[in-house]
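One structure is given here, and the rest of the page talks about it.
Computed from a predicted model, the values in this text were never measured in an experiment. Hydrogens, waters and symmetry mates play no part in the numbers below; they use all other heavy atoms, side chains included.
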Amino acid sequence: MVERDHVARSKAIHRRTGRTFYYATRLLPNRVREATYVLYAFFRVADEVVDDADGTPPDDQRRELESLREQALGRAEPEGPVLEAFQAIKERHGIRDADVEAFIDAMLTDVERRRYETYEELESYMNGSAAAVGRMMTAVMDPDDPETALSHATALGEAFQLTNFVRDVREDVVERDRIYLPQTTLEREGVTSERIERFEMDERVASAIRTELARAESLYRDGVAGIKYLPSDCQLPVLLAAVLYADHHRLIRKHDYDVLNNEVELSTTRKLWLVVRVRWHWQWNGDPEEVFRRVSAVPSSQPLPRGTHHESLPTR
């Protein structure tokens, strides 16, 4: 059983650190919403081990993550309310050990790795940092056909992650010395990592950003196509989360793809406007793909960026 105080603490973490996703989470049915607060809090606890290390030696970070792994899998006594609540949620909803393992493995990757040579390498990382998160959320929602829903949940989780990577290029360089844009994408445009590190924006950098947005938008379309396989009371919140995250692409385009010198963040007014628009369209048309097409910043179709082959974009 999950204690009320543990849920409240998890909710506070979610509200403080996941402001975009929090808007959508509030629309989930209670049976899913409280579990989502706990999942998100667990993800943040692990993520902060590597993102807010404050000079903590890598060996200490790895030991802390391995301790979190043992606690999350129920092989060690939980330290604190978030891990205690996560153990209960994991058991109640049958969250797979493999997804917990994949998530912690991705956090361990962040201890040392700063660059990704190819999109395939980045996708392997996202299997833990994003896709596993989507699979855990799917387990909590408990769809009738989980296998069909899971592949789309994986795509949507990766779409959210890619949006974050593109939006936060400057922050990742400044605060973590990381670049999540694949090196092959940069090289194809004649852009070096050093240029990104110096925040030198030009059309070549913009072209690389367009390529990664195209990847993300392909994944959004795939992910949203699977929302219909979720329980009916979960479809609107997940759709809203997709619309909110994808709206960062509108701002990126507004800034002519300059994510090196501009902060890309949705205003509270914009978020509330999108909530109203999504709910209004949902009331009249309960088709997730059609509502997403009408409301989101993702075009229904688009040409591939210059120099990008079809096989280099994700397909499912």
Side-chain angles (χ1 to χ4, degrees), residues 17-18 40 42-73 97-136 154-200 205 208-209 211-213 215-216 219 245 248 259-260 264 308 312-314:
T17 61
Y40 192 90
F42 167 67
F43 302 147
R44 289 304 306 167
V45 166
D47 196 50
E48 287 173 2
V49 172
V50 289
D51 282 354
D52 300 317
D54 292 328
T56 303
D59 284 348
D60 290 347
Q61 294 176 55
R62 282 190 286 266
R63 277 192 290 271
E64 188 168 355
L65 287 169
E66 290 296 352
S67 174
L68 289 177
R69 186 200 303 271
E70 295 302 297
Q71 295 174 60
L73 293 172
D97 287 358
D99 288 329
V100 177
E101 298 270 16
F103 174 73
I104 295 296
D105 286 345
M107 298 303 98
L108 285 165
T109 300
D110 273 337
V111 174
E112 297 289 353
R113 190 152 193 181
R114 299 290 183 265
R115 306 289 185 269
Y116 290 84
E117 184 62 27
T118 66
Y119 178 75
E120 289 70 27
E121 289 182 2
L122 186 64
E123 189 175 38
S124 179
Y125 165 78
M126 289 193 297
N127 178 60
S129 67
V133 170
R135 293 191 294 267
M136 288 189 233
T154 293
L156 195 55
E158 290 180 3
F160 291 165
Q161 182 81 90
L162 281 177
T163 293
N164 285 344
F165 287 160
V166 175
R167 178 194 67 187
D168 297 337
V169 171
R170 182 184 180 92
E171 178 183 321
D172 286 333
V173 169
V174 171
E175 298 185 6
R176 305 173 186 99
D177 185 30
R178 295 189 197 131
I179 296 176
Y180 288 107
L181 303 176
Q183 295 297 299
T184 50
T185 298
L186 298 178
E187 291 166 2
R188 185 165 52 240
E189 300 298 338
V191 178
T192 64
S193 292
E194 290 74 23
R195 191 173 188 83
I196 300 296
E197 291 163 1
R198 293 193 298 267
F199 311 123
E200 296 176 358
V205 176
I209 297 301
T211 295
E212 297 313 307
L213 288 187
R215 291 192 200 277
L219 287 162
Y245 265 90
H248 291 94
V259 293
L260 303 183
V264 180
T308 302
S312 68
L313 288 174

**Prompt:** Taking the six-membered ring for Trp, are Phe42 and Phe103 parallel (under 30°), tilted (30 to 60°) or perpendicular (over 60°)?
**Reply:**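 If you compare the ring of Phe42 with that of Phe103, the planes turn out tilted.
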**Side chain Ser124, main chain Glu120, donor-acceptor under 3.5 Å** = no
**Heavy-atom donor-acceptor pair, Thr163 side chain to Ala159 backbone, under 3.5 Å** =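 At least one qualifying donor-acceptor pair exists.
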Calculate, to the nearest 0.5 Å, the distance between atoms [atom1] and [atom2] belonging to [X] and [Y] respectively.
| X | Y | atom1 | atom2 | answer |
| --- | --- | --- | --- | --- |
| Leu122 | Leu162 | CG | CG | 6.5 Å |
| Leu156 | Tyr245 | CG | OH | 10.0 Å |
| Gln161 | Leu219 | CD | CG | 11.5 Å |
| Glu64 | Glu48 | CD | CD | 10.0 Å |
| Leu181 | Leu186 | CG | CG | 5.5 Å |

**Request:** In sequence, state the C-alpha distance, the side-chain angles, and the governing distance for Phe199 and Val173, and then conclude on side-chain contact (heavy atoms from CB on, under 4.5 Å).
**Result:** CA-CA 9 Å; Phe199 311 123; Val173 169; 4.0 Å; yes
Are any of the side-chain heavy atoms of [X] and [Y] separated by less than 4.5 Å?
| X | Y | answer |
| --- | --- | --- |
| Glu189 | Val205 | no |
| Val169 | Ile179 | no |
| Val111 | Leu65 | yes |
| Asp47 | Met107 | yes |
| Phe165 | Glu212 | no |

**Item:** Shortest non-hydrogen contact from Ile209 toward Val166
**Value:**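 Looks like CG2-CG1, 3.7 Å.
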**Message:** Please enumerate all residues that pass side chain to side chain donor-acceptor pair (under 3.5 Å) together with Arg113, with sequence neighbours excluded.
**Reply:**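 With neighbours one apart ignored, the set is Glu121.
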**Set of residues satisfying side chain to side chain donor-acceptor pair (under 3.5 Å) with respect to Gln183, sequence neighbours excluded** = Ser193
**Prompt:** Is it the case that Tyr125 and Asp110 place a side-chain donor and acceptor less than 3.5 Å from each other?
**Reply:**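 A donor-acceptor contact under 3.5 Å links the two side chains.
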**Prompt:** Is the closest side-chain donor-acceptor distance between Glu158 and Thr154 under 3.5 Å?
**Reply:**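 On atom types as modelled, these side chains do not qualify, holding no pair under 3.5 Å.
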**Request:** Using a strict cut-off of less than 4.0 Å between a Lys/Arg side-chain nitrogen and an Asp/Glu carboxylate oxygen, indicate whether Glu197 and Arg115 qualify as a salt bridge.
**Result:**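 Arg115 and Glu197: salt-bridged.
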**Salt bridge Arg69-Glu66, side-chain N to carboxylate O under 4.0 Å** =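 The answer is yes: the pair qualifies as a salt bridge.
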With sequence neighbours left out, write down each residue that passes salt bridge (charged side-chain N to carboxylate O under 4.0 Å, His left out) with [X], or none if nothing qualifies.
| X | value |
| --- | --- |
| Glu175 | none |
| Arg114 | none |
| Arg62 | Asp59, Glu112 |
| Arg170 | none |

